[in-house]
*Asks:* 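First, the structure itself, so that you have it in front of you.
Lettering follows sequence order; numbering is per chain, from 1. Atom set for the values below is all heavy atoms of this structure, side chains included, hydrogens, waters and symmetry mates excluded. These numbers were taken from a predicted model, which means no experiment stands behind them.
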There are 2 protein chains.
Amino acid sequence: MRIDDERAGVATGPVGPSVAAPRGRRGRPAPTSKDVARVAGVSQSTVSYVMSGKRPISERTRRTVLEAIDQLTYEPNAGARALAGHRTNVVGLVVPFHNPETASGLMAFAEEIAVTARGRDYDVLMLTAAEGPAGLARVQRRAMCDAVIVMEITTDDPRAAMARELEMPVIFIGMPGDRAGLHCIDFDFETGAELLVDELADVGCPEIAVLGWSQDRVGLGINYVPRFRTHAQARAADRGIALRWIDAPHTRAGVEGFLDAVLGPDGGPHPGLLTVHSPHDLGAALQQRGLVPGRDLDLVSLCTDVEAEGQPVPPTAVSPQPRDVSRLAMSWLFDLLEGDVPAELRLVDARLTRRGSVRRAG
Amino acid sequence: MRIDDERAGVATGPVGPSVAAPRGRRGRPAPTSKDVARVAGVSQSTVSYVMSGKRPISERTRRTVLEAIDQLTYEPNAGARALAGHRTNVVGLVVPFHNPETASGLMAFAEEIAVTARGRDYDVLMLTAAEGPAGLARVQRRAMCDAVIVMEITTDDPRAAMARELEMPVIFIGMPGDRAGLHCIDFDFETGAELLVDELADVGCPEIAVLGWSQDRVGLGINYVPRFRTHAQARAADRGIALRWIDAPHTRAGVEGFLDAVLGPDGGPHPGLLTVHSPHDLGAALQQRGLVPGRDLDLVSLCTDVEAEGQPVPPTAVSPQPRDVSRLAMSWLFDLLEGDVPAELRLVDARLTRRGSVRRAG
DNA sequence: TTGTACGCGTTATCAT
DNA sequence: ATGATAACGCGTACAA
């Protein structure tokens with residue numbers, strides 16, 4: 001089919017047969033468990049028990065019922081089920097939509113959560129961070145989900161107090177300053193920082209220059225920002241090497257400014273470079289200056305494996321593992337839904353992946 | 001609070017008072033409309049009618065009821081409401097999680113949809129494209145939402161047939177080859193292509209080189225890819241200028257290969273450049289070669305305003321306007337929920353924004 | 001203008 | 001091992 005001929009107007013008129021077949025009370029209504037019961041020749045409660053497995057059913061009736069379900073393509077009405085069962089089979093996910101910088105990371109989180117949820121017949125309600133703590137209260141009072149996952153926690157997050165009040169399980173990805181009574185899961189940024197600093201220190205860098213987060217991002221109060229920084233600095237001090245930390249925006253200009261500030265004279269020694277940005281811009285800027293990581297200088301990065309391997313010179317890096325974090329959060333969430341689990345902090349291990357952007361001895 | 005001292009183990013133990021206060025039947029259950037009725041001294045149905053406005057209520061009782069609602073912080077139980085009212089106040093959103101390239105665009109779509117939904121007291125159920133057509137059938141049979149928005153439609157999309165079967169409104173962002181009976185909304189990529197080609201033709205470029213989508217992306221069968229390409233080529237032919245189209249992956253190497261192939265000799269004339277990628281990499285590669293758009297050559301781009309303005313030399317561009325498309329989709333969706341609206345194609349206007357990356361005459 | 005009563009489709013508690 | 005039946009909380013037709 002060619003589309004050329006249909007672009008006459010910007011708002012094209014009616015197309016196809018739907019004008020004649022108005023949407024509405026077309027087709028039959030969705031089958032109910034009552035229908036299944038009738039077809040299978042059993043009572044409605046038996047259908048329910050076959051589905052839930054909450055009481056022994058003879059193999060014969062079980063098959064009959066399952067066949068009827070299959071034949072009618074029956075699926076339980078979510079509202080009715082929630083009303084009677086006090087369970088929605090839905091998890092809320094509070095998405096921090098601001099900041100396009102981390103969009104691909106957020107998508108990784110969200111996808112993993114959605115897929116994991118479906119794997120246990122759960123669905124995901126997408127909530128916006130803009131609703132704040134009130135949003136959490138709302139979904140609980142309306143009984144729209146059984147639990148909530150909240151991403152991008154700030155040190156002074158107002159949702160922490162709300163989470164403590166709620167009767168519904170809440171899992172924080174990230175952590176507020178005071179996490180008493182909260183279920184928090186996060187990547188081990190502390191160890192990550194140490195691994196990266198160590199990697200540069202081990203090859204004899206006399207100095208480390210860190211390209212940190214933009215001021216905007218620091219201003220948000222995301223908890224892992226100071227966590228990473230503090231530990232990087234502490235480890236550098238332990239190793240007896242200087243560390244220069246420069247926050248810069250996630251732009252071409254930001255990266256250039258950083259390099260201008262930290263690179264030594266041409267031909268001279270360069271400091272070890274550590275970036276918490278996507279290595280994309282930094283890599284391009286270095287290339288432009290004719291500097292190749294692993295040959296002319298040493299570079300390590302805090303970035304996902306996907307980001308690292310998309311680079312011309314993939315950097316040695318620590319990945320914050322969004323997918324692992326999500327999976328762990330979901331499995332914890334399901335445990336919480338089944339029984340009581342003490343509030344605690346769970347950290348996902350940091351690991352360094354070497355990719356040859358550091359000049360290793362030997 | 002310092003976190004240093006708590007990193008002893010990777011999985012830290014219980015923290016805070018929640019160990020003593022197990023989650024469970026704490027607090028009271030959410031108030032019901034019956035509770036509101038009792039407090040307000042009216043019948044339950046009156047409460048319902050006050051909320052829906054579906055019958056006249058005396059100002060006095062209305063106030064009393066609203067006060068009771070406020071006092072109890074009552075919110076209607078979503079399951080019960082859906083069961084009785086045959087309406088969920090939820091819209092499904094099918095998110096195409098694959099391809100990290102367009103993550104920031106997807107987030108823009110999703111955020112706009114979520115915010116618009118909340119503006120009318122709707123929520124958003126996040127569905128994965130991985131469920132395919134069956135996912136649409138599922139949410140309808142379970143009565144989990146009142147309508148669905150599907151993004152990233154391919155020319156031969158299997159969800160099109162399903163959408164025609166469903167009783168629930170479905171809005172496609174993008175369009176399949178045969179859109180009879182479907183409600184589709186999309187950006188006017190055809191006009192966008194023409195505007196971009198014209199812009200280069202108008203300043204006398206003897207030739208245009210297009211940096212197209214990666215083969216991966218082309219292979220997905222996203223409908224706007226051939227739409228854009230066909231119209232760009234046709235318009236170039238109309239204008240009597242040559243157009244070279246080169247598909248390349250969204251990487252540094254892809255961009256370099258493109259430039260190597262199309263740029264003229266040093267000092268010689270360069271073709272007008274048109275990129276459908278984010279202009280980020282192309283801009284960097286040009287800069288590295290000492291070429292400044294608007295001074296040494298002409299460059300136009302198909303990218304969002306945010307992407308354009310994040311560049312050192314913001315390119316003249318046509319934005320696919322993800323937010324406008326989302327808003328329009330939602331307003332159309334609400335119309336569909338209120339009554340019958342004929343199936344049609346709605347296109348969002350293409351506009352060119354000049355930013356000085358093209359050497360204009362005069 | 002307001003109250004009464006039934007039904008929505010499940011789950012879960014009684015019986016048998 | 002299975003069948004009646006009572007909630008669950010809200011919307012709405014019917015009565016008053």
*Asks:* How long is the gap from CZ on Arg141(B) to CG on Leu136(B), to the nearest 0.5 Å?
*Replies:* 10.5 Å

*Asks:* Does a side-chain heavy-atom distance below 4.5 Å link Leu125(B) with Val139(B)?
*Replies:* yes

*Asks:* Residues of residues 57-68 of chain A with any non-hydrogen atom less than 4.0 angstrom from an atom of DNA chain C: list those, numerically ordered, please.
*Replies:* none

*Asks:* Would you call Leu66(B) and Arg63(B) a side-chain contact if the rule is heavy atoms closer than 4.5 Å?
*Replies:* no

*Asks:* With ring pair (Phe, Tyr, Trp, His ring centres under 6.0 Å) as the rule and sequence neighbours excluded, what pairs involving residues 54-73 of chain A come up?
*Replies:* none

*Asks:* I'd like to check Leu93(A) versus Met151(A) (side-chain heavy atoms, cut-off strictly below 4.5 Å). Are they in contact?
*Replies:* yes

*Asks:* Answer whether the closest heavy-atom distance between the side chains of Val348(B) and Val325(B) falls below 4.5 Å.
*Replies:* yes

*Asks:* Do Leu333(A) and Arg120(A) have side chains that get closer than 4.5 Å, going by heavy atoms?
*Replies:* no

*Asks:* Using 4.0 Å as the upper bound for N to carboxylate O, is an ion pair formed by Arg138(B) and Asp123(A)?
*Replies:* yes

*Asks:* If the condition is ring pair (Phe, Tyr, Trp, His ring centres under 6.0 Å), which residues does Phe334(B) pass it with, not counting sequence neighbours?
*Replies:* Tyr122(B)

*Asks:* Through what angle, rounded to 10 degrees, does the axis of the helix from dT1(C)-dA16(D) to dT16(C)-dA1(D) turn between its ends, using five pairs per end?
*Replies:* 40°

*Asks:* Drop me the distance from Thr128(B)'s OG1 to Ile113(A)'s CD1, to the nearest 0.5 angstrom.
*Replies:* 13.0 Å

*Asks:* Hey, where on DNA chain D does chain B first and last touch, going 5' to 3'? Cut-off is any atom under 4.0 Å from a heavy atom.
*Replies:* dG9(D) to dC14(D)

*Asks:* Going through the checks in order, is the salt bridge (Lys or Arg N to Asp or Glu O under 4.0 Å) test met by Asp121(B) and Arg142(A)?
*Replies:* CA-CA 12 Å; Asp121(B) 200 23; Arg142(A) 294 195 180 184; 3.1 Å; yes

*Asks:* Could you state the interatomic distance from CG (Leu72(B)) to CG (Asp35(B)), rounded to the nearest 0.5 Å?
*Replies:* 6.5 Å

*Asks:* Using a 4.0 Å heavy-atom cut-off, write out nucleotides 7-14 of chain C from 5' to 3' as B (base contacted by protein), S (sugar-phosphate only) or - (no contact).
*Replies:* BBBBBBBB

